[in-house]
Amino acid sequence: MDVTHIIREQVVSAVKKLYDATLSTDSILLNPTRKEFEGDYTVVVFPFTKAARKKPEAIGEELGNYLTEQVDEISGFNVIKGFLNLTISDHFWGKYLLSIAKNPDFCKHPATGKKIIVEFSSPNTNKPLHLGHIRNILLGWSCSKILEANGNTVVKTQIVNDRGIHICKSMVAWERFANGETPESSGLKGDHFVGKYYVAFNNEEKKQAEGLEEGQETEIMTATRAMLKKWEANDPEVKTLWSKMNGWVYSGFEQTYKSLGVHFDVNYYESETYLLGKGIIDKGLEDGIFYKKEDGSVWIDLEDAKLDHKLVLRSDGTSVYMTQDLGTARKRNEDHQMQGMTYVVGDEQNYHFKVLFEILKRLGEPYAENLHHLSYGMVGLPDGKMKSREGTVVDADDLIAEVIGEVEKDSKERGEIEGAPEAERREIFRMVGLGALKYQMLKVDPKKGMIFNPAESVALQGDTGPYVQFAYVRMQGILRKLEKGDNNADPAKYTSLHPHEKNLLLFIQQYPETLARAGANFDPSEIANYVFELASYFHKFLHDVKVLKAESEEAKAFRLELSKMVGRVLEAAFDLLGIEMPERM
RNA sequence: GGUCCAGUAGCUCAGCUGGAUAGAGCAACAGACUUCUAAUCUGUAGGUCCCAGGUUCGAAUCCUGGCUGGAUCACCA
């Protein structure tokens, strides 16, 4: 039983008895006591002054006396100004530790029965993934894991932007310049290979544009438009080329996803969804949700939601982005019967998603009350934005390789795992490198823009992924050294807790609510910040307290159990960030 | 111009629904490995929480107005 619930309930009944005022348990302000004061939990008593008609200090004294007498778990208190600091008795903690250690579900919440679709990544098929995609993918993956840990069923999906003028550009360039070259023959990864021809297109177009009047179209661009027309007319030759080149890109993406440790449950392709949604418009017109202008275009009036008027169908009857998204949402509901959907998309589309959600609501879609746009800020480089034209794009595969290489170099200097087999060492470099990269990307609040410095590669000390992994590794090291069957002592008999030990338990106790909050806010950074703090308390604990050479068998049993529990929470929390834990490093 | 978001230490960032003397990490400086892995720990130094008002016992946090930066407001996707 979480001791904060006990305190809340007891404060409510104390206030009722002493001052005859009725409060709800969640209106009680209860915080962990700040480090500079004595105590474990602090009740803020200012809010009771009205009902009690007494000074805050007097209320604190009365409440403190009442609670210490009535509540077994509370062993003492002190009052400073309007703050009542309560001390939890040491014998509570041993019992608490055993109870959570026995609970296999401590790190997750019970099932909600809800199914939620999470859409992320959603790449174009004309160039490789870059740093911006990495943030998107990691956020999407982590958000999915967090929603799952909060008891939801999650369907991970991406919508692949596989049609349109951009892919035709690569196709035209390949036809003209490749001489039949393929990823296999060139030794290039498929997405990089196609990206190369996208660049070739841009170079050629630039060349052709020289000497042309402003507004005049280049020959290669005209050819590209013609190809798009053929694609739309289902020209078999064009479609074959299109499938071939997209196939190359997909196999490249697959590799990148694999090295990031992510996958999708379902893929949607824009080539299959871009015509959806028109039926919704027709029905919405009948129901008066949309209106038609004289030129035949269809709009929705969202002024009462402060969103202005928005086009949903062109005058020539063709779809816009919004039409397609409406159709895709409905199709997903037909496919999966979900209770909600989360879109991981950059914050430049905030307006689009506000409008989309508002329209879905007005259409009465059953999942419309549970839609969320996980909006994230752009990833910037220290010297400005990433611009593909200026070649300042940070390639995803390069970055991953660089980070792992950096870890390898660093690890060799340390020499700690030099004796391990080559395969195991490579696996460790991979886990630690990705851990560093993922943690760095996920620890900042998604909605804020972030600066990423690839030149400094990725930090390995301090507030980093490896710092947390190292805490886990140290725990594993203790378990390895533990001699089997030499300790039958009861951890609950250990009742003179070191401040670090109490601190760890107090903090572990906060994990469930942290998880719930991260889920409610769709915010992996809350998990990252939590896990860093937990690791930091554990490192301090290991520095000051001996586990294997504890002063008593009870102390040793308690510390082992505590260390294992810390390890469990660290591992579970890092799993939510998509980061693996090495056994040694 | 309208809307949305951000502004906290030299740098990168925490700070939850208003609570005590605003916190970490990096970088700098000074220390701690015959000890369960020093990818660790301890200390020093570093602040006009963008500005000005307001709300109240109390504001980095809420409200109003401004300043700065970003995004967006297409019959583009």
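Below, chain A is the first sequence line, B the second, and so on; all start at residue 1. Values below: every heavy atom of this structure, side chains too, minus hydrogens, waters and symmetry copies.
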Q.
Are A:Phe541 and A:Leu562 packed together at the side-chain level, in the sense that at least one heavy-atom pair is separated by less than 4.5 angstrom?
A. yes
Q) Just by protein heavy atoms under 4.0 Å, how would nucleotides 3-16 of chain B read 5' to 3' in B, S and -? A) -SSSS-----SS-B
(Q) Regarding A:Gln469, tell me which of base, sugar-phosphate or nothing describes its non-hydrogen contacts under 4.0 Å with the strands shown. (A) nothing
Q. Under a 4.0 Å N-O cut-off, is there an ion pair linking A:Lys447 with A:Asp445?
A. yes
Q. Is the base of B:C33 syn or anti, where syn means the angle lies within 90° of 0?
A. syn
Q) Considering heavy-atom distances to RNA chain B, does A:Thr33 or A:Leu311 have its closest nucleotide positioned more toward the 5' end? A) A:Thr33
(Q) So that I can tick it off, tell me whether A:Arg430 and A:Glu408 are bridged by a salt bridge, with the cut-off set at under 4.0 angstrom between side-chain N and carboxylate O. (A) no
Q | Residue-phosphate contact under 4.0 Å: A:Arg34 side-chain N/O, B:G23 OP1/OP2 | A | yes
Q.
Once rounded to the nearest 0.5 Å, what's the spacing between atom CZ of A:Arg163 and atom CG of A:Asn246?
A. 12.0 Å
Q) Given B:A77, is OP1 or OP2 found less than 4.0 Å from the side-chain N or O atoms of A:Arg314? A) yes
Q: Using a 4.0 Å heavy-atom cut-off across all strands, classify A:Gly477 as base, sugar-phosphate, or nothing.
A: sugar-phosphate
Q.
Applying a 4.0 Å non-hydrogen cut-off, can you work out what A:Thr42 is touching in the nucleic acid: base, sugar-phosphate, or nothing?
A. base
Q.
Mind checking if A:Tyr351 touches a base, just sugar-phosphate, or nothing, with heavy atoms under 4.0 Å?
A. sugar-phosphate
Q: Decide yes or no, distance alone: a donor-acceptor N/O pair under 3.5 angstrom between the base of B:A20 and the side-chain of A:Asn85.
A: yes
